[in-house]
Amino acid sequence: MRQLFLALLSALLPFAAAAQDRPVLTVYTYDSFVSDWGPGPEIEKRFEAVCDCDLQFVGSGDGAALLARIRLEGANTRADIALGLDNNLIAEAAATGLFAPHGLSPKLDLPVAWDDPVFLPYDWGHFAFVYDSTKLADPPDSFAALMAAPESLKIIIEDPRSSTPGLGLVMWIKAIYGDEAGAVWRRLAPHILTVTKGWSEAYGLFLEGEADMVLSYTTSPAYHRIAEGDDTKRAAIFSEGHGMQIEVAALMAGAKHPDLARRFLRFMLSDAFQEVIPTTNWMFPAVTPAAGLPEGFAEPLPAGASILLPPEKVPALRKAALAEWREALSR
Amino acid sequence: MRLLPGWIGLAAVLALTLGPLIPLGLQAGAAPGFGGPEWGALRFTLLQSGLSAGLSCLGGVVLARALSRQRFPGRRLLLSVMGAPFILPAIVAVLALSAVWGRSGILSDVLAALGLGRLDIYGLPGVVLAHVFFNLPLVTRLVLQELAAVPAEHWRLAAHLGLSRGTVFRYIEWPAIRTALPGAFVLVFLLSVTSFAVVLALGGGPGAATLELEIYQALSFDFDPGRAAMLALAQYALCLSLGLVALRLARQAGFGPGLDLALTRLDGAAYRRADALVIGLGGLFLLTPLAMLAARGVEGLIAGLPAATWPAARLSLVVALSSSALGMALALAMAALIAGLRRAAPARARLIEAAGFLALTASPFALGAGIFLALRPVVDPFALAVPVLIAVNAVMALPFSLRILLPALERVEADYGRLAASLGLAGWSRLRYLTLPRLRRPAGFAAGLAAAFSMGDLGVIALFAPPDLATLPLAIHRLMGAYRMQAAMGVALMLVGLCLVIFVVFERLGAADDRA
């Protein structure tokens, strides 16, 4: 009798039954993470193999669009985890109060110290100007050299108002030059062929041969080397140091499955997740897997070459830095 | 009664264009509006849009006149292929244009080989070039449609009377052109106003920015939905006022009905050489970048398209065909409403006609975010991603289909309205026996254009898409974001191919003979 009752109940309540079946862990992220060529599909497979849950990635735009969506949804968001914010977005994300401490104390392989209680890194990279070594034999080795180079040396950058690498470059220069940043931009301006909405346009134009260098990452040449067997693309190493992008994930304060979400965050720093990152996201894993980096992947820059503005200082500086950038380039 | 569907259509348009701004505006924010840089961006926007629209119209009229005079094998195919730039996703168009006009493009290579410098189009020239590339075919088709609608009797009479070229232009061609031109100008102007990725990529710097960028910034980095709503409203205001001014200039040519004789332009021979030059140059301008895209795309196709392409192609087709059908119903209803009000309430008719342009200046970002906010309390927006995409694309294509259908419908009303009334032809039979048969050709063109437009649109899908759902433009973006430029070009080529097929099929359905 009881069996029959339960059977009836579960027939009447298919949704409730499905929900009891396997918990759904919802992770909001940026679009390229979930695409077929990003880390999402493989990571979903690997986590679902161990979690007895349904991992659902939801992608939208880039990191900035991700934060905007979370703010639009507010406290009753469906997300358990947000994955894909970066160091330049962290302070504003923290100010929303929508995120909860992760409670972990992981050992990370970052070139800088990191002990944020809420935002947990999963990968990182250095911004760099990428060039084609068959076309540019003698690339500038510093911002100073780039500024002094003949005007015919052209670079393409991304717009800091619509692109996270674009903003990364503005903050990189601001971190090095402080109040002189505006003057630096004025000297860089003649070299800037154009400013694109996003990374794809900039990199595509560079591959078409439109400019000598493009703002990307030190890890970009690794894609060409590993996926295409093409060793001609290089990252110009600048003596002033390189701006960093640290990509983080965080637990939502309103998570429906906080325990499962924490489990995902622990999984995120395990080899199963980290070894997927280098050849899908083309960034350095936050914890180097036991097997090391893939053959042909980029070497991390030497210690001390990393430039990182403390995330909490970004909001105050960002506005001024953007204004300087705009003013210098609008002339 | 005949006007009711039109009012419903208008309500739907307003709900989907202005409606989403309400939940956005209700969010906190609306930081102080315009500063110096914003005015600078606005000035640049107006300048580049005016130039883009002016040059597109000039080129479009010249090209349409040449095409209307000449008949040659492959003419219809040329007309279809020429339309392809219009549907290219911005990022693909930028790469295709740079392959021809860029510093390392083929034109620069030729110039460099001749010992001249390389081209540098980045800045205003690049932006205008891109917008003319996108929109020249559209203007050409709109003008050509009006030239083709001139009853053949007029051309014969002109030849019979031995009218000079100037007189033919003044009394036959110009009145026809004038029916289409103001609307076409507004279309191109507004498309250029809201263009964003192209303007940045070819504009050379932050000076070349549009309001659309400010809206994007307000919705992402700055997170100020109120400001985004305000800027979106400003864009609508610009659109409405411009639309109203331009539509005042439009006049129906009023040639009266003909016997639908096959059109033979007897003046074609006299212009043959000049026309061949114009058509050749126009074809080169429009087709060379496409050929560059095809060359790169073929490499991608040979290397093999990624598996995700096929579901994306299927979804794109479903969305394109559904939104085209929905959009045509909407456009027909609104065209009937405007035509119906034209005599009794011309000012109101013009206002509704201008409202038909609204969707052009709708910011996809503001729209997406607003719809998302509006739906969320009620349903899961992701579950509705496809219906929302179809509805938004239908409204987005309305400005084009309305521009194509409205002049044709008004011509039917002017030429046959009284006859139909005196015969007591009304309601469904009027639609069935008078209106639809005479609208077949423009309707085929409009439906094909709407479907192709929807196919190439990235629009709101980028904001709404669940990860397992992608259209072809989104697949292209994802491939490029993952360094796979070659595969992306392969998918882009496939997108262009599919659009052309849709376009050609719809046009064949619309036209049994070959008058246009």
Side-chain angles (χ1 to χ4, degrees), chain A residues 31-32 34-38 40-41 56-62 64-65 67-69 71-73 76 78 89 92 154 156 159-162 167 189 192-205 207-211 220 223-224 227-228 280 282 318 323 325-327 329-331, chain B residues 27 37 40 90-91 94-95 98-99 102-105 120 122-123 126 196-197 200-209 213-214 216-217 219-223 225 306-308 365 369 372-373 376 380 382 462-468 470 474-475 477-485 487-488:
Chain A
D31 191 67
S32 67
V34 299
S35 91
D36 283 11
W37 308 279
Q56 287 187 3
F57 283 114
V58 175
S60 60
D62 62 356
L67 180 57
R69 154 160 285 170
R71 293 170 80 166
L72 273 181
E73 296 193 358
N76 58 352
R78 232 180 52 173
L89 294 167
E92 284 175 49
K154 295 290 183 190
I156 300 178
D159 196 308
R161 296 167 293 175
S162 58
L167 182 59
I192 297 173
L193 180 71
T194 197
V195 179
T196 64
K197 177 188 171 215
W199 177 89
S200 303
E201 289 97 335
Y203 209 79
L205 283 172
L207 290 180
E208 284 284 330
E210 284 299 283
S220 298
Y223 170 80
H224 299 283
E228 298 177 340
T280 52
W282 302 97
R318 188 178 73 113
W325 171 84
R326 188 171 182 161
E327 202 270 331
L329 264 60
S330 293
R331 290 179 170 220
Chain B
Q27 297 268 321
I91 185 168
V94 165
L95 293 182
S98 77
R103 287 175 79 222
S104 54
D120 185 0
Y122 294 90
F196 165 18
L200 267 184
L202 297 176
L213 170 73
E214 305 278 339
Y216 184 87
Q217 190 189 6
L219 277 173
S220 63
F221 280 111
D222 288 354
F223 193 69
F365 310 109
F372 182 81
L373 275 179
R376 230 176 76 81
D380 175 10
F382 294 111
L463 296 154
F464 265 90
D468 49 345
L474 188 57
H477 270 255
R478 285 180 174 171
L479 280 164
M480 285 191 170
Y483 290 93
R484 285 154 178 85
M485 305 290 166

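Just so you know, these numbers come straight off a predicted model, no measurement behind them. Order of the sequence lines fixes the chain letters, A, B, ..., with proteins taken first and strands second; residue numbering starts at 1 for each chain.
In this structure, no portion of A/P41 lies under 4.5 Å from any heavy atom of chain B. Using a 4.5 Å cut-off between heavy atoms, A/L167 contacts chain B through its side chain alone, with no backbone atom that close. Interface remark: B/D222 contributes backbone and side-chain atoms alike to the contact with chain A (heavy atom separation under 4.5 Å). Both the backbone and the side chain of A/E73 come within contact range of chain B, judged by heavy atoms closer than 4.5 Å. Contacts of B/L219 with chain A are made by backbone atoms alone, with heavy-atom separations under 4.5 Å and no side-chain atom involved. For chain A, the nearby part of B/Y122 is the side chain; its heavy atoms alone come within less than 4.5 Å. Heavy atoms of A/N76 lying under 4.5 Å from chain B belong to its backbone as well as its side chain. With a 4.5 angstrom heavy-atom cutoff, A/S220 touches chain B via backbone and side-chain atoms both. Using a 4.5 Å cut-off between heavy atoms, B/L479 contacts chain A through both its backbone and its side chain.
Side-chain atoms of A/E201 and B/M480, non-hydrogen and from C-beta on, never get closer than 4.5 Å to each other.
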Exercise for review: Would you please test B/F221 and A/L67 for side-chain contact (heavy atoms from CB on, under 4.5 Å) and show each step?
Suggested key: CA-CA 8 Å; B/F221 280 111; A/L67 180 57; over 6 Å; no
**Study point:** Worked check of side-chain contact (heavy atoms from CB on, under 4.5 Å) between B/R103 and A/L193
**Key:** CA-CA 10 Å; B/R103 287 175 79 222; A/L193 180 71; 3.6 Å; yes
Exercise for review: Check the pair A/Y203, B/M485 against side-chain contact (heavy atoms from CB on, under 4.5 Å), reporting the backbone distance first and the verdict last.
Suggested key: CA-CA 9 Å; A/Y203 209 79; B/M485 305 290 166; 4.1 Å; yes
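Side-chain polar atoms of B/Y483 and A/E228 form no donor-acceptor pair below 3.5 angstrom.
B/Q217 places no side-chain N or O within donor-acceptor distance of the main-chain N or O of A/S162, the cut-off being under 3.5 Å. With hydrogens and angles disregarded, a donor-acceptor distance shorter than 3.5 Å links the side chain of A/T194 to the backbone of B/L200. Side-chain atoms of A/S330 never come within 3.5 Å of backbone atoms of B/P206 as a donor-acceptor pair (strictly under, hydrogens ignored).
Ranked by heavy-atom pairs under 4.5 Å with chain A, the list B/G204, B/A482, B/S220 is led by B/G204. With chain B as the partner, the residue from A/H224, A/E92, A/R318, A/K154 showing the most heavy-atom pairs under 4.5 Å is A/R318.
Considering all non-hydrogen atoms of both residues, B/P306 and A/W37 come closest at CB-CZ2, 3.5 Å. The shortest non-hydrogen separation linking A/S200 to B/I91 is CB-CD1, 3.6 Å. Between B/F223 and A/L72, the closest heavy-atom pair is CZ-N, 3.7 Å.
Distance check, rounded to the nearest 0.5 Å: CG of B/L474 to OG of A/S35 gives 9.0 Å. Atom CD of A/E210 and atom CG of B/L95 lie 9.0 Å apart (nearest 0.5 Å).
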